[in-house]
There are 2 protein chains.
Amino acid sequence: MNVMLDTDGKETSATHTAYLKLRELILTGELPAGQKLKIEQLRKLLQTGASPVREALSLLTSDMLVERLDQRGFRAAPVGKANFEEILLLRCNLEEIALRASIDNADSEWEDRLVLRHHHMNRASQQKAADFEDAHKAFHMALLDNAKLPMLERYCAQLYDLNIRYRYLAAGGASYQKRNIEAEHQSILDATLDRDADSATSHLIEHYRRTGEYLSSQMDG
Amino acid sequence: MNVMLDTDGKETSATHTAYLKLRELILTGELPAGQKLKIEQLRKLLQTGASPVREALSLLTSDMLVERLDQRGFRAAPVGKANFEEILLLRCNLEEIALRASIDNADSEWEDRLVLRHHHMNRASQQKAADFEDAHKAFHMALLDNAKLPMLERYCAQLYDLNIRYRYLAAGGASYQKRNIEAEHQSILDATLDRDADSATSHLIEHYRRTGEYLSSQMDG
DNA sequence: CCGTTAAAAAATATCGATATTATTTGACAT
DNA sequence: ATGTCAAATAATATCGATATTTTTTAACGG
């Protein structure tokens with residue numbers, strides 16, 4: 001049938017598009033945490049076959065966005081304060097390691113990339129929330145991607161996504177609260193460009209802890 | 001056909017058994033690193049259908065034991081010194097966090113479990129290598145499982161498995177070299193039961209580093 | 001002889017249908 | 001009423017077949 005016929009847009013497979021869409025639905029909370037995910041229901045929602053849906057759910061399981069129950073199908077991963085705090089803890093620890101390693105490998109090419117991403121993020125801050133989300137992630141990942149530690153990067157990216165989910169949960173999606181996030185990003189960037197690992201990591205961790213405390217305060221037990 | 005008819009042995013689905021078997025084959029090196037994994041080939045090898053094989057491979061992708069290539073199927077994840085050293089680095093960092101958290105939550109029930117697992121491991125050391133492998137993992141995971149940090153535990157378990165692969169690679173599988181591993185385990189256990197987190201973690205990390213240096217020395221570029 | 005392109009072969013990705021569980025419903029006995 | 005068990009229903013897991021790529025092979029021209 002109409003499988004995979006795009007003019008030529010990178011990766012196009014029914015599985016991959018289903019994966020991206022489902023992920024978005026879960027991150028934004030349109031598929032609420034804990035909800036049973038029935039194949040048929042998703043198949044109709046995404047206008048695709050059962051196999052791609054199954055496989056996409058399988059992939060989301062590794063991202064810890066979906067849980068698989070014995071022989072009883074899938075459900076959106078539940079959320080909770082303990083889970084949120086574990087994510088925060090792991091992010092602080094893992095990103096510190098990654099940022100230090102990135103700074104150890106610092107070169108001008110990487111620094112250029114950082115400056116660019118930072119600029120794009122600030123640009124996007126005036127635009128749609130989704131655009132800023134992407135640019136924000138791109139900046140944070142760029143901070144880590146010079147470590148040349150692919151598994152660590154993967155963990156950090158996973159945890160980043162899991163965290164997004166709590167932001168959408170805390171506020172309909174729109175609200176990045178008005179703390180001076182821009183200044184915090186600037187401090188992280190400056191310290192990194194100075195190759196001052198201690199300063200950069202402490203700014204980064206502080207950045208996460210503040211956001212964390214804000215979100216954590218909004219959650220119950 | 002003969003699907004899922006076992007007298008009653010826990011989890012039995014074609015996918016799950018395929019997952020376990022494939023995992024074993026990759027860990028032991030019977031499916032060599034980097035090798036193309038063709039569905040048909042595995043389907044015949046495991047005596048099952050194509051769907052379970054596909055899904056098992058998908059799951060192994062999240063364990064980083066299998067890589068997925070665009071539209072070109074799967075292959076056993078490649079190995080290399082850089083990868084090995086990243087695993088070692090992450091294990092040292094993550095397990096330290098987990099062990100400290102476990103000790104923070106220490107209670108006598110957990111301590112009993114540790115002592116038992118340690119005993120079983122020593123018992124198993126005289127038996128088949130595969131049995132010791134299991135008991136060894138069980139002991140190490142028990143050290144971490146009192147942290148009540150499920151994601152962290154999952155990462156540690158994943159990394160543990162990835163490391164096994166390098167042991168099989170370095171030596172046909174039989175050789176745990178004769179360093180005094182027993183004494184090292186005893187030191188870790190003793191310090192943990194004393195609730196001395198600094199000592200326990202440094203013994204643990206030293207334990208990994210020694211094994212790591214040994215294996216690393218056996219590898220090229 | 002080598003590189004380019006077209007046809008053939010192989011392998012993956014996807015679909016639709018079936019077999020196998022889980023879950024719900026409702027009858028029956030306590 | 002209430003709890004248990006069996007039939008009916010719904011959902012998952014698996015199979016077999018088809019469509020779509022990717023890879024290989026071979027032909028052709030430079």
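Treat the numbers as computed from the prediction; the structure is a model and nothing was measured. Each chain gets a letter, A, B and so on, in the order the sequences are listed, and its residues count up from 1.
- With respect to the salt-bridge test (charged N to carboxylate O, under 4.0 angstrom), the residues A:Lys128 and A:Glu133 do not qualify.
- For B:His207 and B:His140, the ring centers are positioned less than 6.0 Å apart.
- Ion pairing of B:Glu96 with B:Arg100 is present here, as a side-chain N (NZ or NE/NH1/NH2) and a carboxylate O approach within less than 4.0 Å.
- Taking atom CZ of B:Arg75 as the reference point, atom P of C:dT12 lies 14 Å away to the nearest angstrom.
- Candidate nucleotides C:dA13, D:dT14, C:dT23 were compared by shortest atom distance to the side chain of A:Arg72, and C:dT23 ranks first.
- A salt bridge does not link B:Lys36 with B:Glu67: none of the charged nitrogens is closer than 4.0 Å to a carboxylate oxygen.
- Contact of the B:Leu88 side chain with the B:Tyr208 side chain is registered, since non-hydrogen atoms from C-beta on lie closer than 4.5 Å.
- In this structure, A:Gln71 places its CD atom 12 Å from C1' of D:dA11, rounding to the nearest Å.
- Proximity of residues 31-58 of chain A to DNA chain D (heavy atom under 4.0 angstrom from any strand atom) is restricted to A:Lys36, A:Leu37, A:Lys38, A:Ile39, A:Arg54.
- Taking atom OH of A:Tyr19 as the reference point, atom P of C:dT14 lies 15 Å away to the nearest angstrom.
- Across the protein-nucleic acid pair, A:Asp70 atom CG and C:dA22 atom P stand 8 Å apart, rounded to whole Å.
- Whole-Å rounding puts the A:Leu59 CG to C:dA13 C1' distance at 13 Å.
- Ion pairing between B:Glu40 and B:Arg43 holds under the 4.0 Å rule for side-chain N and carboxylate O.
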